[in-house]
Amino acid sequence: MSRQLSMDTVRQNFWKEEYLREKMLRCEWHHKYGSLVKAKQKAKAAARLPLKLPTLSPKAPLSPPPAPKAVPSRASSPALEAPIQSEMYPVPPATRALLYEGISHDFQGRYRYLSTRKLDMPEKRYLFPITTNFTYGWQLGPPVKQELVFCKMCRIESFFRKNGAFALLDPRDLAL
C-alpha cells in the first residue's frame with residue numbers, strides 16, 4: 001500500500017488530533033484498569049511457582065505375593081520355554097550378515113537385508129498375527145503366478161459386458 005504524499009495542513013492536523021486522542025484513551029484505560037491487570041499478573045506468577053509436596057515416611061515393605069502352584073504342562077517345545085521378548089522370530093545369521101555388507105545406496109546392506117526378509121512368508125517371520133490385517137496374508141502359501149491370456153480379443157470379450165452398460169440383462173447371462 002503506497003503512502004499518500006499529498007499532505008496539506010488540514011490532513012496533518014487531522015492525524016495529529018487522532019494520535020493525541022488515542023494517546024489519551026490509552027492513558028485513561030491504564031489509569032482505570034492498570035492496577036487490576038497488575039494484580040492478575042501477580043496472581044498468575046504465584047500460581048506458576050512449583051508446589052512443594054509433603055514428604056512421606058517410608059512404609060514397611062509389603063510381603064511378596066504367594067507363588068502360584070506349579071501346573072503340569074503338556075510337552076513343551078523349545079520355542080515356548082524361552083520367555084517371549086519379541087513378536088518376531090530371530091533372524092537367521094546369514095540374513096543378518098547382509099546388513100553389514102555394503103551400503104543401501106549400492107543396493108546392498110540394509111536394502112538387500114530388507115529385500116531378502118520381505119521374501120519370507122509372514123508366518124516364518126512372526127510368532128502370531130500382530131494386527132488384524134495380518135490375517136489376510138497369513139498361511140496363504142507360495143504365490144501362484146497367473147498366466148495372462150495373450151489373445152487381445154479374448155481379454156476384451158471376457159472383460160466387457162456383452163449387452164452394453166445400460167441394456168437389460170439377457171436371460172442367457174443370468175445364472176439361475
Side-chain angles (χ1 to χ4, degrees), residues 1-71 73 78-140 143 159 161 165-166:
M1 191 165 136
S2 64
R3 189 163 61 163
Q4 295 176 353
L5 299 176
S6 59
M7 289 288 265
D8 55 354
T9 53
V10 175
R11 187 164 282 186
Q12 285 178 348
N13 289 337
F14 167 75
W15 285 113
K16 185 177 179 182
E17 287 176 21
E18 280 293 313
Y19 174 74
L20 291 174
R21 189 172 65 84
E22 284 183 18
K23 188 176 174 184
M24 289 302 295
L25 281 173
R26 286 185 185 147
C27 287
E28 287 174 14
W29 187 92
H30 183 69
H31 182 69
K32 189 174 182 180
Y33 299 108
S35 59
L36 293 173
V37 171
K38 284 185 181 179
K40 285 183 182 178
Q41 287 177 346
K42 286 181 182 179
K44 283 185 181 179
R48 274 187 251 142
L49 292 176
L51 297 173
K52 292 186 178 181
L53 297 175
T55 57
L56 299 175
S57 60
K59 294 182 179 179
L62 297 172
S63 61
K69 296 179 181 178
V71 177
S73 62
L80 296 177
E81 289 177 359
I84 298 175
Q85 297 176 359
S86 174
E87 58 263 353
M88 294 183 79
Y89 287 116
V91 181
T95 308
R96 186 179 293 263
L98 294 174
L99 277 172
Y100 307 108
E101 297 174 6
I103 58 174
S104 292
H105 182 73
D106 299 330
F107 302 111
Q108 295 177 346
R110 183 172 181 263
Y111 177 85
R112 206 159 126 214
Y113 166 80
L114 291 173
S115 300
T116 308
R117 194 83 168 121
K118 181 173 56 175
L119 296 176
D120 291 339
M121 292 186 293
E123 51 270 9
K124 288 185 180 177
R125 287 183 282 166
Y126 294 93
L127 295 169
F128 50 87
I130 308 277
T131 63
T132 54
N133 281 336
F134 272 36
T135 58
Y136 294 113
W138 206 258
Q139 298 175 349
L140 279 180
F159 182 77
R161 190 182 268 187
F166 299 108

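The figures here come from the full heavy-atom set of this structure, side chains too, leaving out hydrogens, waters and symmetry mates.
Between atom NZ of residue Lys118 and atom OG of residue Ser115 there is a gap of 5.0 Å, rounded to the nearest 0.5 Å. To the nearest 0.5 Å, atom OG1 of residue Thr116 and atom CZ of residue Arg96 are 13.5 Å apart. Note: Lys40 NZ to Ser35 OG = 11.0 Å, rounded to the nearest 0.5 Å. Note that CG of Asp120 is 11.0 Å distant from OH of Tyr126, once rounded to the nearest 0.5 Å.
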Side chains of residues 99-112: which donor-acceptor pairs under 3.5 Å do they make with residues two or more places apart or in other chains?
from   : atom 1 : to     : atom 2 : distance (Å)
Ser104 : OG     : Tyr111 : N      : 3.3

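Listed by first and then second residue, the salt bridge (Lys or Arg N to Asp or Glu O under 4.0 Å) pairs that reach into residues 16-27 are Glu18-Arg21, sequence neighbours excluded.
Within the 3.5 Å criterion, the main-chain N or O of Thr95 finds no donor-acceptor partner in the side chain of Arg117.
The local environment of CE in Met88 is crowded, with over 12 non-hydrogen atoms from other residues, nucleotides or ligands closer than 6.0 Å.
At least one side-chain heavy atom of Glu87 sits less than 4.5 Å from a side-chain heavy atom of Phe128.
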